[in-house]
Number of protein chains: 2
Amino acid sequence: MDAAQIDQVRRFNRTVTARVGVLHDHYLGRERPIGEARLLWEISAEGQDVRRLRERLGLDSGYVSRLLRALEADGLVTVEPRPQDRRVRTVRLTPDGAAERELLDLRSDELAGSLLAPLNPAQRTRLVAAMAEVDRLLTAAMVVLDPVDPDHPDAQWCLRSYFTELQERFDTGFDPALSLLPDAGELRPPRGLFLVARLHGEAVGCAGLKLPAGAPAEIKRMWVAPGARRLGLGRRFLAELEARAAEEGRDLLRLDTNKALSPAIGLYHSSGFQEVPPFNDEPYAHHWFEKRIAPAAAPGA
Amino acid sequence: MDAAQIDQVRRFNRTVTARVGVLHDHYLGRERPIGEARLLWEISAEGQDVRRLRERLGLDSGYVSRLLRALEADGLVTVEPRPQDRRVRTVRLTPDGAAERELLDLRSDELAGSLLAPLNPAQRTRLVAAMAEVDRLLTAAMVVLDPVDPDHPDAQWCLRSYFTELQERFDTGFDPALSLLPDAGELRPPRGLFLVARLHGEAVGCAGLKLPAGAPAEIKRMWVAPGARRLGLGRRFLAELEARAAEEGRDLLRLDTNKALSPAIGLYHSSGFQEVPPFNDEPYAHHWFEKRIAPAAAPGA
DNA sequence: TCCATTCTCTGACTCTAGTCAGAGAATGGT
DNA sequence: ACCATTCTCTGACTAGAGTCAGAGAATGGA
């Protein structure tokens, strides 16, 4: 990360906060405080728990409560206890609220239009393309990888999605019972670990690492949600697992994969993995890879 | 401007205001109200007129005054009347103020770093490039073209800069006395017009149009400040002047230029101008261009 | 059944941001 | 010398954003 890059990012921040940020608030908050507008914006059609709203917007509970009271008074939302747990309250848009949200969407369109309007068509095309790129990469930068227990709901959700996808993509289908499944203990310290990738707190991918005694470290169950692909997440998982295996003093990383997963195969190749003869009897595997890695001492913190 | 473009811009706005906007304020405003921080940020080392600060930030004069009082009380700035015009007051950073600004810069670097940190080098390079593009195009979109009197200070400043630049770039040097200079009256309605381009209220370019009776319309003194180049401003000037000449019922636009101004020559070619034999005796001209345009009725408003 | 915990809400604040009207000093043109 | 204009500042506001402490209802577990 060199100084010129930092510099460009700074210039970008300046232009963009000046232009987009200010306008955004201005457009959105025309006849409504932006606190209320932001809240309205976050309430989806099916309703949201107050708790979740607070988390997403990072606001004080008292403040959110007050904002909700204001929206309720305007007849834009209803707030009701959730039947299963009456402490938690769920916010829903009324028809009026939905209409108001619609209006915010319209404003958002206007803002977008005002950014493009002064440009000629060629410039517009280039601006939109560059924005898409920035959007994609900033989104990628917002993804966090957390080690979790394989039994954690997020982990379980990822694994279920993973299996469903394999079932669809393998021409033979996929039956977990026939596969060499590591039991959860193998993907939990000290025998391994399991990472979940999250975007805005929502799970969007997973990857497991087996660290068997007396055998090479092995990557298992790497999956990225369709909506989070093309963000370099697979590569990031590989790098992270490699670093962690290295910290454990391992010098070899391996994995197996199915021929149907061609993007993954490309990823392994371009990440320094070499194809090797089968090292296990996984019935769904067609390719086996390994990569020499540099073992490192565990870091201080 | 199609719906897909609008949509992408909206997605961008959301990601960016969520990520950059919020962080920006957060980083910048750690121990100081962001109003003050923004102001501090805008005061350059040589000092700024209060008026200019107000314009750049788009704030109420009373508000700015109050903010300045606060910064002054903290010993970060001094405010003194400008000797030539004691109504205007100039703000200057004290050493403490410069240190504080330094700190803001550091914060800004941290923010930039935090955006890049989770990415791999290839992604960083792409992000930075895309940001530069967005930055450039949004900046371009912020430039406004205003018709002004050729005696207006902004126009005069542009013309002086223009002559200085010609002096440097022509291998013969440039002496305005030898050139075919239109007098100011020729670039002022009804005999012509003069446009100034402004970015954040600051002049960044100019272009004049002669509309002589019984002769083709002629573009004169088109210049773009070095800091505002590569924003498509030259092309925009040409388009604007063409439209205005058309409104006046003209069907031919012409101009002359010096061989040293190769980017301009490229621009003329790519904007539909054809090189023609000399139509005047301008001693500094090597190339003469003209373009047929479609005369139009003057618009209602 | 009791008790710690979770979740939301209310009241009572503080601080920023920003607006508006008008005063007062300088200036430029006549 | 006068007057309209320009520029900055002050006073008097409004309203939005956000914090903090604590009350009260539900819940889950011992």
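Just so it is clear: chains get the letters A, B, ... in the order the sequence lines come, proteins before strands, and each one is counted from 1.
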Judged by each residue's nearest nucleotide on DNA chain D, which is more toward the 5′ side, A:L67 or A:P83?
A:L67
What is the distance from CG of B:L39 to C1' of C:dG18, rounded to the nearest Å?
14 Å
Any sub-3.5 Å donor-acceptor pair from A:D49's side-chain atoms to A:R52's backbone N or O?
no
Could you state the CD-P distance from A:E80 to D:dA25, rounded to the nearest angstrom?
19 Å
Give one of base, sugar-phosphate or nothing for A:D60, where a contact means two heavy atoms less than 4.0 Å apart.
base
Is B:R136 salt-bridged to B:E133, going by a charged N under 4.0 Å from an acidic O?
yes
Looking at C:dC7, does its base get a donor-acceptor pair with the side chain of A:S61 below 3.5 Å?
no
Return the value, rounded to whole Å, for the distance between atom CZ of B:R69 and atom P of C:dG18.
18 Å
Contacts of A:R51 and B:R66 projected onto DNA chain C by closest heavy atom; the upstream (5') one is A:R51
Is a side-chain N or O of B:R51 found less than 3.5 angstrom from the main chain of B:R89, in a donor-acceptor match?
no
Rounding to an integer number of Å, can you tell me how far B:D85 CG sits from D:dT5 C1'?
12 Å
Counting heavy atoms from C-beta on, name the nucleotide in D:dT27, C:dT10, D:dC9 closest to the side chain of A:R87.
D:dT27
Distance in angstrom units between B:Y63 OH and C:dC15 P, rounded
15 Å
To the nearest Å, how far apart are A:D49 CG and C:dT6 C1'?
13 Å
Among the nucleotides D:dG18, C:dG18, D:dA17, which one has an atom lying closest to any side-chain atom of A:P33?
D:dA17
Nearest-neighbour nucleotide for the B:V50 side chain, C:dC9, D:dC9, D:dG18 considered
D:dC9
A side-chain contact here means heavy atoms from C-beta on lying under 4.5 Å apart; do B:V204 and B:V224 qualify?
no
Do you know which two heavy atoms are closest between B:G205 and B:F237, and how far apart they sit?
C-CZ, 3.7 Å
Nucleotide forming a Watson-Crick or wobble pair with D:dT8, both distances under 3.5 Å
C:dA23
Contact class for B:G62 vs. all strands (heavy atom < 4.0 Å): base, sugar-phosphate, or nothing?
base
How close or far is atom C1' of C:dC7 from atom CZ of A:R82, stated in whole angstroms?
11 Å
D:dC7, OP1 or OP2 - any side-chain N/O from B:R54 closer than 4.0 Å?
no
Which nucleotide sits closest to the side chain of B:R86: C:dT27, D:dA26, D:dT8?
C:dT27
A:E36 CD to D:dG18 P: how many Å, rounded?
13 Å
